[in-house]
Asker: 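Structure in C-alpha cells, see below.
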Amino acid sequence: MSVISNAGRDGQADQVNYDESQAGANRLPDPLAFLDSRQVRTAAEWRQRRREILVLFEKYVYGMTPRQPVEMQVERWELAEGALHGLARREQVRLSFSGNRHTGRMELLVYLPAKTAHAHGPAPLFLGLNFKGNQATHADPAIRLTQAWMPEQEGVIDHRATEAMRGVEASRWPVERILERGFGLATAYYGDLDPDFDDGFQNGVQPIFYQPGQGRPRKNEWGAIGAWAWGLSRALDYLETDPEVDARRVAVLGHSRLGKAALWAGAQDERFALVISNDSGCGGAALSRRNFGESVASINRRFPHWFCENFKQYGGHEQALPVDQHMLLALIAPRALYVASAAEDLWADPRGEYLAAWHASPVYRLLGLEGLASQEMPGLEQPVMKHIGYHIRRGAHDVTGFDWERFMDFFELRILD
Ligand code: GCU
C-alpha cells in the first residue's frame with residue numbers, strides 16, 4: 001500500500017510506502033568495514049572505525065557539534081527534601097550558557113529518591129528532554145512553569161505556558177514509579193535549547209558558537225537535533241557535580257524526535273551508560289534504506305531544521321548515504337542500548353527499528369557482548385534483553401507505563417547488577 005500524506009509547508013506531498021513487499025534494506029554499509037574496505041577485527045580497530053562512523057554522521061546526517069567548551073553557569077535555585085509526599089528530593093537548576101554576545105539557558109528538573117535505610121547512596125538516573133516544559137511532566141505545583149517560548153497550543157497564551165499546562169504530559173513520566181524503583185529522573189524542556197521551528201537558527205544555542213560573520217550553521221554543522229543532544233550532555237555535566245547522582249549510571253532516553261536526539265547524544269557522549277530510543281523512527285533507530293513509513297525526503301521537507309544541510313541531498317537517494325542508522329546504534333557499543341517500538345506506529349517503521357538493532361549486533365559481538373540473536377522480531381510485548389534490548393508493544397506512538405517498566409528492568413539488569 002502506498003499512500004500520499006504529510007504535505008510539507010511547500011504543499012508538496014510524499015509517497016509513503018507501507019507495503020512490506022516494497023520495503024527492504026538489502027545493501028547496508030558494513031559497520032565493521034573501514035572506508036578503505038579493511039575489515040575490523042579487534043576492539044582497538046573498532047575504536048578507529050567508530051571514529052570514522054561518527055565523523056560520517058557529523059558530516060552527512062546531524063551536523064557537527066561545536067567542540068569548544070561553553071561557559072556554563074549553574075544556579076540551583078531549589079532543593080526540596082520531602083517532595084511528592086516524602087517520596088523525593090526535588091532540585092530545580094538553571095544552566096546558563098554564553099558566548100558571542102548570545103546567551104542560552106536550560107532549566108533542569110531533578111527528582112531523586114528520598115533516602116531510606118535501603119536507598120542511601122547516589123542514585124542511578126534517567127535523563128530525557130520533554131516536549132511541553134518541566135511543568136507538564138508532573139502536576140507537582142512546585143515545578144516552575146517554563147519561561148521559554150512555546151508554540152501555540154492548549155494551555156499556552158502568547159507563546160507562554162500557563163498553569164493549565166501542569167501535568168499534561170504526566171502519563172509519559174511515571175515519576176512515582178521511577179522513584180519507587182530507586183531511580184532518579186532529570187528532565188528539561190527541549191525548546192530551551194532550540195525552539196522547534198525553522199527560524200534560520202537565530203533563537204537556539206547555535207548563535208553562541210557562530211564564527212565572526214557567520215549567520216547560520218554551515219552545511220556540515222548541527223541542526224536542532226544536534227542542539228538538543230548537546231543540551232543532554234550539558235545536563236550530564238551538571239549531574240556529574242551533584243553528589244546525590246550516580247553519574248556513571250545515567251541512562252539518556254527520548255521519545256520520537258527526542259529519541260533521535262537521545263541516540264545522537266549517546267553516540268557522541270560516551271559518559272552515558274545506557275541509551276534508550278522510544279519510537280524514534282526515521283533519523284533515529286529506523287533504517288533509512290528501508291523505504292517504509294517516514295522517509296529522508298519527507299523528514300527534511302517537513303522539518304528542514306532538524307538535520308544538517310548535507311542530509312537533504314539523500315532524500316530519494318538513501319542508497320548513496322555513507323551510513324545507515326544501524327551504525328548510529330553501533331556507536332553506543334559497548335554500552336547498553338534499548339530500542340522500543342509501538343505496533344501501530346508504522347510511520348516510525350518498527351521493523352526498521354528492530355533491523356537496525358539487529359545489524360548493530362555484530363559490533364557488540366566483536367566486543368564480546370550479546371546483541372540480538374535473531375533477525376525475526378519478537379512477539380508483541382515480549383522484550384528481549386541482551387546487551388541490546390528491544391520490545392514492540394501494542395498501541396500507538398507514545399511512551400507508556402509498559403515502556404517505562406521495561407526500561408527500568410533493562411537498567412537493573414544491565415547496569416545495576
Ligand atoms: C513527526 C515526525 C517524526 C517524529 C515525530 C515526533 O511525526 O515525522 O520524525 O519522530 O513527529 O517527534 O513526534
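Below, all heavy atoms of this structure are taken into account, side chains as well, without hydrogens, waters or symmetry copies. In listed order, ligands and their atoms are each counted from 1.
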Asker: Minimum heavy-atom separation for Glu58 and Cys308, please, with both atom names.
Answerer: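 Closest heavy-atom pair between Glu58 and Cys308: O-SG, 4.2 Å.
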Asker: Could you tell me whether Ile299 approaches ligand 1 through its side chain, its backbone, both or neither, with non-hydrogen atoms closer than 4.0 Å?
Answerer: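 Side chain only; the backbone of Ile299 stays clear of ligand 1.
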Asker: Closer than 4.0 Å to some heavy atom of Ser256 - which atoms of ligand 1 meet that?
Answerer: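 Listed by number with element, the hits are 4 (C), 5 (C), 6 (C), 10 (O), 12 (O), 13 (O).
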Asker: At a 4.0 Å threshold, what atoms of ligand 1 neighbour a non-hydrogen atom of Arg257?
Answerer: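 Near Arg257, meaning under 4.0 Å from one of its heavy atoms, ligand 1 has 1 (C), 5 (C), 6 (C), 10 (O), 11 (O), 12 (O), 13 (O).
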Asker: Looking only at distances, please establish whether an N/O atom of ligand 1 is found under 3.5 Å from an N/O atom of Asp279.
Answerer: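 The answer is no, given that Asp279 and ligand 1 share no N or O pair closer than 3.5 Å.
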Asker: Which heavy atom of the protein is the closest neighbour of atom 7 (O) of ligand 1, given with residue, atom name and distance?
Answerer: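 For this ligand atom, the closest protein heavy atom is Trp347 NE1, 3.1 Å.
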Asker: Geometry only, no angles: is Arg302 polar-contacting ligand 1 at N/O separations under 3.5 Å?
Answerer: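 Yes - when backbone and side-chain N and O of Arg302 are compared with those of ligand 1, one distance drops under 3.5 Å.
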Asker: Taking all atoms of both residues into account, what is the closest heavy-atom pair of Leu258 and Asn130, and its distance?
Answerer: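 The answer is CD1-C, 3.8 Å.
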Asker: When you compare ligand 1 with Trp306, is there at least one nitrogen or oxygen pair between them that comes in under 3.5 angstrom?
Answerer: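 For ligand 1, there is no N or O atom that lies under 3.5 Å from one belonging to Trp306.
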Asker: If you compare all heavy atoms of Ala261 against all heavy atoms of Ala229, which two are closest, and at what distance to 0.1 Å?
Answerer: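 Heavy atoms only, the tightest pair is O-CB, 3.6 Å.
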Asker: Do other residues, nucleotides or ligands put more than 12 heavy atoms under 6.0 Å from Gln68 CD?
Answerer: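 Buried by this count: over 12 neighbours within 6.0 Å.
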Asker: With no hydrogens and no angle check, do the side chains of Trp228 and Asp196 hold a donor and an acceptor under 3.5 Å apart?
Answerer: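 No, no side-chain donor-acceptor pair sits under 3.5 Å.
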Asker: Looking only at non-hydrogen atoms, find the nearest pair between Leu145 and Thr162 and report the distance.
Answerer: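 Closest pair (atom of Leu145, atom of Thr162, distance): CD2-O, 3.7 Å.
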Asker: Among protein heavy atoms, which sits nearest to atom 3 (C) of ligand 1, and what does the distance come to when rounded to 0.1 Å?
Answerer: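 The closest one turns out to be Glu294 OE1, 3.2 Å.
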Asker: Under a 3.5 Å threshold, yes or no: a donor from one side chain and an acceptor from the other, between Asp398 and Thr400?
Answerer: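 Absent: no donor and acceptor within the cut-off.
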Asker: Should you measure from each heavy atom of Lys260, which atoms of ligand 1 turn up under 4.0 Å away?
Answerer: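 Going through ligand 1 atom by atom, the ones under 4.0 Å from Lys260 are 3 (C), 4 (C), 9 (O), 10 (O).
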